[in-house]
Chemist: 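Just dropping this structure here.
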Amino acid sequence: AKGDGRYIKMLAGLARTDLLILDDYGLAPLTQEQRHDLLEILEDRNGLRSTLVTSQLPVELWHEQIGDPTLADAILDRLVHNAHTIQLKGGSMRKNRTNLTE
């Protein structure tokens, strides 16, 4: 979106979305650009809309995964403050699925 000039419009659309889902958060370290983009998105939504984050990475490790300590503090302040945390236990549900084509 940055390359073709749609970035601001895309940010506005994300800010208006009632529920933003970040699925499988933390699979890879964030780049500097990704950290800034994530902070911008969360700042626009903070206190106005819901954001749901799923991750296999424990919340305690998110600060390190984000990388930059200052941006990590700002991002986590917007994500974790007033958050409801649910930690699931057990094995993968994918292992329990049967083959639907049999």
Side-chain angles (χ1 to χ4, degrees):
K2 287 181 180 179
D4 63 11
R6 295 180 299 116
Y7 183 70
I8 299 299
K9 188 174 182 177
M10 183 194 70
L11 286 179
L14 290 173
R16 288 189 308 270
T17 301
D18 288 329
L19 174 62
L20 178 64
I21 300 173
L22 304 177
D23 190 25
D24 278 339
Y25 174 78
L27 292 179
L30 298 177
T31 66
Q32 186 69 13
E33 184 176 19
Q34 290 168 334
R35 288 189 285 265
H36 283 283
D37 290 344
L38 182 56
L39 178 58
E40 181 81 25
I41 291 165
L42 295 174
E43 177 64 27
D44 290 346
R45 301 178 57 74
N46 193 35
L48 302 172
R49 303 279 191 250
S50 298
T51 303
L52 185 139
V53 181
T54 68
S55 179
Q56 294 183 35
L57 187 67
V59 174
E60 300 81 40
L61 300 178
W62 288 7
H63 197 277
E64 182 180 329
Q65 187 274 339
I66 292 169
D68 181 297
T70 303
L71 287 175
D73 285 345
I75 289 167
L76 292 176
D77 181 56
R78 286 154 183 82
L79 267 182
V80 179
H81 186 71
N82 291 325
H84 298 279
T85 303
I86 301 170
Q87 293 184 357
L88 303 178
K89 295 182 177 163
S92 171
M93 293 298 292
R94 289 183 180 101
K95 291 179 183 177
N96 296 332
R97 288 187 185 166
T98 59
N99 190 343
L100 297 177
T101 60
E102 289 181 359

Chemist: Grab the two heavy atoms, one from Gly67 and one from Arg35, that are nearest each other, plus how far apart they are.
Modeler: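 Here Gly67 and Arg35 meet closest at CA-NH1, 3.9 Å.
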Chemist: Of all the heavy-atom pairs spanning Gln34 and Pro29, show the shortest one and how long it is.
Modeler: OE1-O, 4.0 Å
Chemist: Side chains of Gln32 and His36: any donor to acceptor distance under 3.5 Å?
Modeler: yes
Chemist: Quick one: hydrophobic cluster around Leu88, which other residues, with the 4.5 Å side-chain cut-off, linked directly or via members?
Modeler: Ile86
Chemist: Going by side-chain heavy atoms closer than 4.5 Å, which hydrophobic residues are tied to Tyr7, directly or by a chain of links?
Modeler: Ile8, Met10, Leu11, Leu14, Leu20, Leu22, Tyr25, Leu30, Leu38, Leu39, Ile41, Leu42, Val53, Leu57, Val59, Leu61, Trp62, Ile66, Leu71, Ile75, Leu76, Leu79, Val80
Chemist: If you round to the nearest 0.5 Å, how far is CG of Leu52 from NE2 of His84?
Modeler: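 Answer for the NE2-CG pair, His84 versus Leu52, is 11.5 Å.
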Chemist: Can you pull out every side chain to side chain donor-acceptor pair (under 3.5 Å) where at least one residue sits in residues 44-55? Sequence neighbours excluded, please.
Modeler: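 Counting only pairs at least two positions apart or across chains, the side chain to side chain donor-acceptor pair (under 3.5 Å) contacts touching residues 44-55 are Asp23-Thr54, Arg45-Thr51.
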Chemist: Crowded around Glu64 CD? As in, over 12 foreign heavy atoms under 6.0 Å?
Modeler: no
